[in-house]
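Below: the structure, in structure tokens.
In what follows, chains are A, B, ... by sequence order, proteins preceding strands, each numbered from 1.
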There are 2 protein chains.
Amino acid sequence: MSSEAGRRASRRSTRSVTLAEVAEHAGVSPQTVSRAIRTPDVVSEDTLERVQASIRATGYVPNLAASNLASNRSNTIAVLIPAVSASVFADTVQGLDSVLAPHGYHLFIGTTEYSLQQEEATLRALLGRRPDGVVLVGTEHTPEAQALLAAARVPVVESWELTQHPVDSVVGFSNYAAMSALFEHVHALGYRCPVLAGQFAGGDVRALRRRAAFEDGMRRLYPGVPVRILDSGAAGVSLDAGRDLFRQVRSELPRADLIMFASDVFATGATLEAVRSGVAIPGELGITGFGGFEVGRHLVPQLTTMAIPSRRIGEEAGRVLLERIAAGGRQTGEARIVDVGHTLVLGESTVWQR
Amino acid sequence: MSSEAGRRASRRSTRSVTLAEVAEHAGVSPQTVSRAIRTPDVVSEDTLERVQASIRATGYVPNLAASNLASNRSNTIAVLIPAVSASVFADTVQGLDSVLAPHGYHLFIGTTEYSLQQEEATLRALLGRRPDGVVLVGTEHTPEAQALLAAARVPVVESWELTQHPVDSVVGFSNYAAMSALFEHVHALGYRCPVLAGQFAGGDVRALRRRAAFEDGMRRLYPGVPVRILDSGAAGVSLDAGRDLFRQVRSELPRADLIMFASDVFATGATLEAVRSGVAIPGELGITGFGGFEVGRHLVPQLTTMAIPSRRIGEEAGRVLLERIAAGGRQTGEARIVDVGHTLVLGESTVWQR
DNA sequence: TTGTACGCGTTATCAG
DNA sequence: CTGATAACGCGTACAA
């Protein structure tokens with residue numbers, strides 16, 4: 001026995017059907033089976049049929065980990081979003097999937113919980129899967145994350161923001177410009193004392209950009225008027241938080257004539273609370289949102305908001321990835337910047353003042 | 001040259017750092033590096049530090065495809081949901097992730113578009129990744145999908161429904177029982193002519209169960225009263241569809257005194273349309289939903305609905321998976337059935353009749 | 001059109 | 001506690 005060098009017990013534990021077993025069943029070489037799957041037109045019709053029959057008979061499911069290892073392609077795109085349950089990003093993911101799935105790419109989704117540290121950790125884990133591309137939300141990352149992305153040597157798309165210096169490419173819009181445009185609109189309507197309400201302590205960088213736009217707008221268009229900002233704190237982005245912010249404004253800032261919410265979610269909770277408590281919108285108080293969710297069009301009064309094409313962000317990101325992958329799969333150095341823009345939605349929740 | 005047998009160009013194309021390179025850098029064997037990562041406590045403190053330094057210095061990111069291949073474990077759970085953007089399932093995914101992530105499992109998400117054929121195709125693709133577990137929405141699958149699941153020999157959790165004969169285990173509730181309970185409640189309130197509205201042509205099996213509960217309820221508690229059901233058809237589950245269904249009921253079924261919607265989404269669109277068009281709810285017409293979404297509590301009037309613990313479904317599914325994986329990772333044969341139940345939410349959109 | 005011989009990067013196994 | 005060696009399942013390169 002000691003001379004039986006090299007004989008070891010098989011390590012296969014799952015005992016799933018392999019390519020070799022299909023080959024044996026069909027009476028061809030493993031390589032032919034591989035070809036029958038990946039490049040059927042290069043195999044004779046006769047063998048092709050035989051192999052396909054054997055695949056069905058054996059219930060063969062290709063091991064993509066092995067395929068990945070051998071070919072250096074995973075047909076996988078890593079997607080990092082703040083949270084799965086945040087519907088705006090779900091739309092982006094849906095858009096991504098709709099563009100990439102037809103090309104055989106699957107999405108590997110990781111969440112960051114709006115934390116750059118968490119993003120780095122998740123990114124590290126996802127890169128272990130050797131994705132053919134990466135999609136991130138945001139343009140701010142830890143230095144380590146930046147290094148990881150650079151070392152990965154695959155196309156990277158940052159999104160939901162714009163920057164002149166993306167890691168590779170970026171698909172998004174300017175949160176600052178969008179909020180500024182909305183601000184200028186309500187200023188033109190004649191509002192005298194706008195306040196901002198939202199969540200700014202949760203690590204959402206994009207919300208901070210919107211806040212900056214509000215602050216700068218106040219200084220520029222309302223010199224002398226105090227800048228009032230209410231933060232929901234740890235409450236998160238929810239209808240409850242919107243309701244609470246509304247109540248807080250009513251009790252603490254009675255002179256406010258307009259509440260600009262950092263998200264349609266807050267604005268919806270606030271609008272419904274106004275209805276319930278009998279506060280006339282826009283008569284007593286104006287309300288604006290941000291995001292352009294479906295519910296805004298249904299609210300009574302309809303919500304004035306800034307619509308963001310969240311699904312299109314995903315679709316464009318998918319196209320950029322496909323393009324880059326086709327071009328060699330590497331980051332080329334020439335940054336690609338796609339601005340999907342924003343659209344002012346004039347609702348009934350704001351009105352011409354006098 | 002011809003005698004230089006076996007010399008070939010390297011096939012490595014991505015040239016990412018490998019375990020061997022870290023080993024060389026640290027002056028140890030590859031196996032020691034592997035151990036330093038996977039079982040640090042079995043490595044001497046001295047070497048451990050050296051290896052960790054080398055990992056940082058080289059920017060090493062483990063190739064999980066290789067790890068997967070060698071160890072037969074992917075630390076991956078495949079999740080199949082009807083759609084990413086359907087918020088109920090997003091909550092389930094979030095719940096799953098919250099339980100599984102701490103144990104090192106990542107989710108691979110695939111969508112089925114409410115189609116069993118699509119489910120089978122997506123399942124096939126995901127199984128190629130050799131997940132350590134599978135979570136599905138629904139208990140109905142194609143025969144081929146059933147075979148695939150059986151052959152995969154990993155824990156499988158079906159969800160959002162109940163069955164006495166799951167593939168492996170099931171976490172959910174009875175859509176029939178939930179809808180029946182809601183129906184009995186409104187019957188007890190004294191409604192005389194309830195109608196059902198929703199989407200039943202889209203392939204959503206769970207919606208069909210709710211419809212069956214409505215039909216049976218009508219036959220049982222309203223003998224002689226015609227069974228009225230409105231289908232939004234291809235419109236999908238949206239606020240727009242809810243608004244349109246509401247209008248349709250008003251114009252086509254003027255004698256209806258209660259609309260039972262198959263989803264809170266429809267009910268929300270309908271309630272807001274009622275507010276806009278000046279129809280008194282519950283005065284002129286009662287409304288119920290299904291799902292127990294946050295928005296229902298904020299609507300004016302608050303929505304009467306049947307709440308489903310969608311996040312808890314994910315959490316329980318995660319626990320079942322962990323348990324099964326710990327127990328050997330295979331389907332054991334003893335089905336595990338977890339009923340998360342349902343909760344009647346009494347809102348203001350229905351009221352005692354007379 | 002088909003077959004043969006590696007190699008992809010990691011871990012299991014066994015020996016030291 | 002550490003190292004050497006052989007898998008894991010498939011694709012690439014080359015030969016036939």
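Under 4.0 angstrom from either OP1 or OP2 of C:dC8 there lies no side-chain N or O belonging to A:S71.
Contact annotation for A:L19: backbone-only contact, meaning every heavy-atom pair under 4.0 Å involves sugar-phosphate atoms and none involves a base.
Of the candidate nucleotides D:dG9, C:dT11, D:dG11, D:dG11 has the atom lying nearest to any side-chain atom of A:S67. Distance from the side chain of B:T18 is smallest for C:dG9 among the nucleotides D:dC10, C:dT11, C:dG9. Checking D:dC1, C:dG7, C:dG9 against every side-chain atom of B:S44, the shortest atom distance belongs to D:dC1.
Between the CG atom of A:N63 and the P atom of D:dC8 there is a distance of 12 Å, given to the nearest Å. One atom, CG of A:L69, and another, C1' of D:dG11, lie 10 Å apart when rounded to the nearest Å. Residue A:E45 contributes atom CD, which lies 11 Å from atom P of C:dT1 at whole-angstrom precision. Spacing between atom CG of A:N72 and atom P of D:dA13 amounts to 11 Å, rounded to whole angstrom units. In this structure, A:R129 places its CZ atom 17 Å from P of C:dG9, rounding to the nearest Å. One interatomic measurement links the two molecules: CG of A:N68 to P of D:dG11, which rounds to 11 Å at whole-angstrom precision. Note: CG (B:N75) to P (C:dT11) measures 11 Å, nearest angstrom. Distance, A:E21 CD to D:dG9 P: 8 Å, rounded to whole Å.
Residue pairs meeting the side chain to side chain donor-acceptor pair (under 3.5 Å) criterion with at least one member in residues 26-43 of chain A, sequence neighbours excluded, are A:S29-A:T32. For residues 48-59 of chain B, the set of pairs meeting the side chain to side chain donor-acceptor pair (under 3.5 Å) definition, not counting sequence neighbours, is empty. Residues in residues 127-169 of chain A take part in these ring pair (Phe, Tyr, Trp, His ring centres under 6.0 Å) pairs, two or more places apart or across chains: A:F89-A:W160, A:W160-A:F173.
Applying the ring pair (Phe, Tyr, Trp, His ring centres under 6.0 Å) criterion to A:Y105, with sequence neighbours excluded, gives no partner residue.
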Sequence neighbours left out, cut at 3.5 Å: what donor-acceptor pairs do the side chains of residues 62-70 of chain A make with other protein atoms?
| residue | atom | partner | partner atom | Å |
| --- | --- | --- | --- | --- |
| A:N63 | OD1 | A:A65 | N | 2.8 |
| A:N63 | OD1 | A:A66 | N | 3.2 |

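Against DNA chain C, the stretch residues 23-42 of chain B makes heavy-atom approaches under 4.0 Å through B:Q31, B:S34, B:R38.
A heavy-atom distance below 4.5 Å is not found between the side chains of A:L80 and A:V137.
Looking at A:E120 and A:R124, a side-chain N of the basic residue comes within less than 4.0 Å of a carboxylate O on the acidic one, giving a salt bridge.
Each of A:L48 and B:A20 was assigned the nucleotide of DNA chain C with the nearest heavy atom; the assignment lying further toward the 5' end belongs to A:L48.
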